[in-house]
Number of protein chains: 2
Amino acid sequence: MQNLLELLKKNKLKATPQRIKILEILFSSGHVTIDDLYEKIKTYLPTLSLATVYSNLNAMIKAGIVKSVKLSNNKVLYECNLNDHIHLVCKKCNSIKDEFIDKKAVLGLIEKDVGVNACDMEINLYYVCPKCSEFE
Amino acid sequence: MQNLLELLKKNKLKATPQRIKILEILFSSGHVTIDDLYEKIKTYLPTLSLATVYSNLNAMIKAGIVKSVKLSNNKVLYECNLNDHIHLVCKKCNSIKDEFIDKKAVLGLIEKDVGVNACDMEINLYYVCPKCSEFE
DNA sequence: CTGACTGCAAACGTTTTGCACGGTA
DNA sequence: TACCGTGCAAAACGTTTGCAGTCAG
């Protein structure tokens, strides 16, 4: 995918096959745990090491391409940092759904209370997903 | 402190001195790391073990009395889950400031977009704290 | 050609576990 | 008294590090 290659170059990161594959998976999956990510990549790049995945994620987080989100169950998710979305987290099964909201309106409302200029905002809503509320 | 004792009993947790002290510190400190917490408790309860602190925190998290927050530097903070506040996290030094907002208004704004009833909401604002912006 | 990236193994700090003992309800 | 909670040590877990070899620019 040409644009991923350029995305890396634009951020002064070498475009290795490992990094491109990591980004591809992040783009198509929305958000994944390290284990999911490692599992999925291994089918394409069997020799890839977990340490490399970590170091690449950290490098791309530093560059601002990737974002990590820690949920209340202390699991960490990685995702690409392009879309303006929040997370709906199911309290029962920990499944996660992306949801798009008017972040500017929310940020405006909050900044009025707080009196600070924020460069980023992270919102997680905890709820019970449809599947889990069926079996309550 | 009588109300802490009742808070534990109400949630079907035995009111041991260790748990009461943990809650006292969480209440007075806002949010603390495990190390801070352990350090502070040890002056009152020198025989306390770290494993006990962990198991008590986990028990109280399950009961909903305590909450844990994982920051982008992978440090975990514990806090009591009674106040309606959000976190201002400094992007440079990772310091954290509690800030109180009108959560209901924010939640209302978001739920309108999302069409879901949330039982809890977590908001983190990333900014540059006054100390760090001095030395930029 | 050169510095950055990879893969591996070992190290690291944090959290959990198993078990005997002790204290709360 | 019965059971939950404690303390200790060891194990497990997720992540980082160091290093030799490799590859992208």
Side-chain angles (χ1 to χ4, degrees), chain A residues 1-2 4-23 25 32-39 41-63 65-78 94, chain B residues 1-2 4-25 31-39 41-63 65-78 94:
Chain A
M1 218 183 271
Q2 191 58 28
L4 293 182
L5 204 149
E6 275 164 23
L7 180 64
L8 286 167
K9 284 190 180 172
K10 211 187 301 173
N11 288 277
K12 294 172 188 179
L13 294 171
K14 284 194 176 171
T16 64
Q18 290 87 342
R19 287 181 177 168
I20 290 173
K21 205 72 209 170
I22 288 175
L23 283 178
I25 291 173
V32 284
T33 61
I34 274 275
D35 296 332
D36 289 347
L37 183 57
Y38 189 50
E39 204 61 38
I41 294 190
K42 275 223 149 177
T43 56
Y44 302 97
L45 303 164
T47 69
L48 181 98
S49 95
L50 187 54
T52 300
V53 179
Y54 273 108
S55 84
N56 281 339
L57 285 174
N58 288 335
M60 294 193 282
I61 286 172
K62 217 182 234 171
I65 306 175
V66 171
K67 217 172 145 181
S68 74
V69 187
K70 293 91 196 166
L71 301 175
S72 60
N73 60 352
N74 278 342
K75 295 277 172 257
V76 180
L77 297 181
Y78 295 90
N94 287 307
Chain B
M1 219 182 268
Q2 190 59 28
L4 292 182
L5 204 149
E6 275 165 24
L7 181 64
L8 286 168
K9 285 190 180 170
K10 210 186 303 173
N11 287 278
K12 294 175 188 177
L13 295 172
K14 283 194 178 170
T16 64
Q18 290 85 343
R19 286 181 178 167
I20 291 173
K21 206 71 210 171
I22 289 174
L23 283 178
E24 276 181 19
I25 291 173
H31 38 60
V32 284
T33 61
I34 273 276
D35 296 332
D36 289 346
L37 183 56
Y38 190 48
E39 204 62 39
I41 294 190
K42 275 223 151 177
T43 57
Y44 302 97
L45 302 165
T47 69
L48 181 97
S49 93
L50 186 55
T52 300
V53 180
Y54 273 108
S55 83
N56 281 338
L57 285 174
N58 287 336
M60 295 194 280
I61 286 171
K62 220 182 232 171
I65 307 175
V66 171
K67 221 171 143 181
S68 76
V69 188
K70 202 166 187 174
L71 301 175
S72 56
N73 61 352
N74 277 340
K75 296 278 172 257
V76 179
L77 297 181
Y78 294 90
N94 287 306

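Letters A, B, ... are given to chains in the order of the sequence lines, protein chains preceding strands, and every chain is numbered from 1.
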**Q** Figure out the NZ/C1' separation between A:Lys42 and C:dT6, and round it to whole Å.
**A** 13 Å
**Q** Is there a side-chain polar atom (N or O) of B:Asn56 under 4.0 Å from OP1 or OP2 of D:dT6?
**A** yes
**Q** Starting from the 5' end of DNA chain C, give me the residue, B:Asp35 or A:Ser49, whose nearest nucleotide shows up first.
**A** A:Ser49
**Q** Just by protein heavy atoms under 4.0 Å, how would nucleotides 17-25 of chain D read 5' to 3' in B, S and -?
**A** B------BS
**Q** In whole angstrom, what separates A:Lys75's NZ from D:dC13's P?
**A** 11 Å
**Q** Return a table of donor-acceptor pairs under 3.5 angstrom between the side chains of residues 10-18 of chain B and protein atoms on other chains or two or more places apart.
**A**
from	atom 1	to	atom 2	distance (Å)
B:Asn11	ND2	B:Leu7	O	2.8
B:Thr16	OG1	B:Arg19	N	3.3

**Q** Grab the CD1-C1' distance between B:Ile20 and C:dT24 for me, whole Å please.
**A** 11 Å
**Q** If you compare all heavy atoms of B:Leu48 against all heavy atoms of B:Val53, which two are closest, and at what distance to 0.1 Å?
**A** CD2-CG2, 3.2 Å
**Q** Starting from P on D:dG5, measure out to NZ on B:Lys12 and report it in whole angstrom.
**A** 13 Å
**Q** Whole angstroms only, please: what is the CG-C1' distance between B:Leu8 and D:dG5?
**A** 12 Å
**Q** If I take atom CG in residue A:Leu50 and atom P in nucleotide C:dC12, what distance separates them, rounded to the nearest angstrom?
**A** 19 Å
**Q** Give a yes/no answer on whether the side chain of B:Thr52 brings an N or O atom under 4.0 Å of OP1 or OP2 in D:dG5.
**A** no
**Q** Might you work through the side chain to side chain contact (heavy atoms under 4.5 Å, CB included) test for A:Thr33 and A:Leu77, ending with a clear yes or no?
**A** CA-CA 5 Å; A:Thr33 61; A:Leu77 297 181; 3.6 Å; yes
**Q** Can you measure A:Tyr38 atom OH to D:dT16 atom P for me and round it to whole angstrom units?
**A** 15 Å
**Q** Which atoms form the tightest heavy-atom contact between B:Leu8 and B:Met60, and what is the distance?
**A** CD2-SD, 4.0 Å
**Q** Under the side chain to side chain donor-acceptor pair (under 3.5 Å) rule, collect the residues that match up with A:Ser55, sequence neighbours excluded.
**A** none
**Q** What I want to check is whether the side chains of A:Ser68 and A:Lys70 have a donor and an acceptor closer together than 3.5 Å.
**A** yes
**Q** Over how many whole Å does the gap from B:Asn58 atom CG to C:dT14 atom P extend?
**A** 16 Å
**Q** I want to check one thing: is the phosphate of C:dG23, taken as OP1 and OP2, less than 4.0 Å away from some side-chain N or O of B:Gln18?
**A** no
**Q** Do A:Leu23 and A:Ile65 have side-chain heavy atoms sitting under 4.5 Å apart?
**A** yes
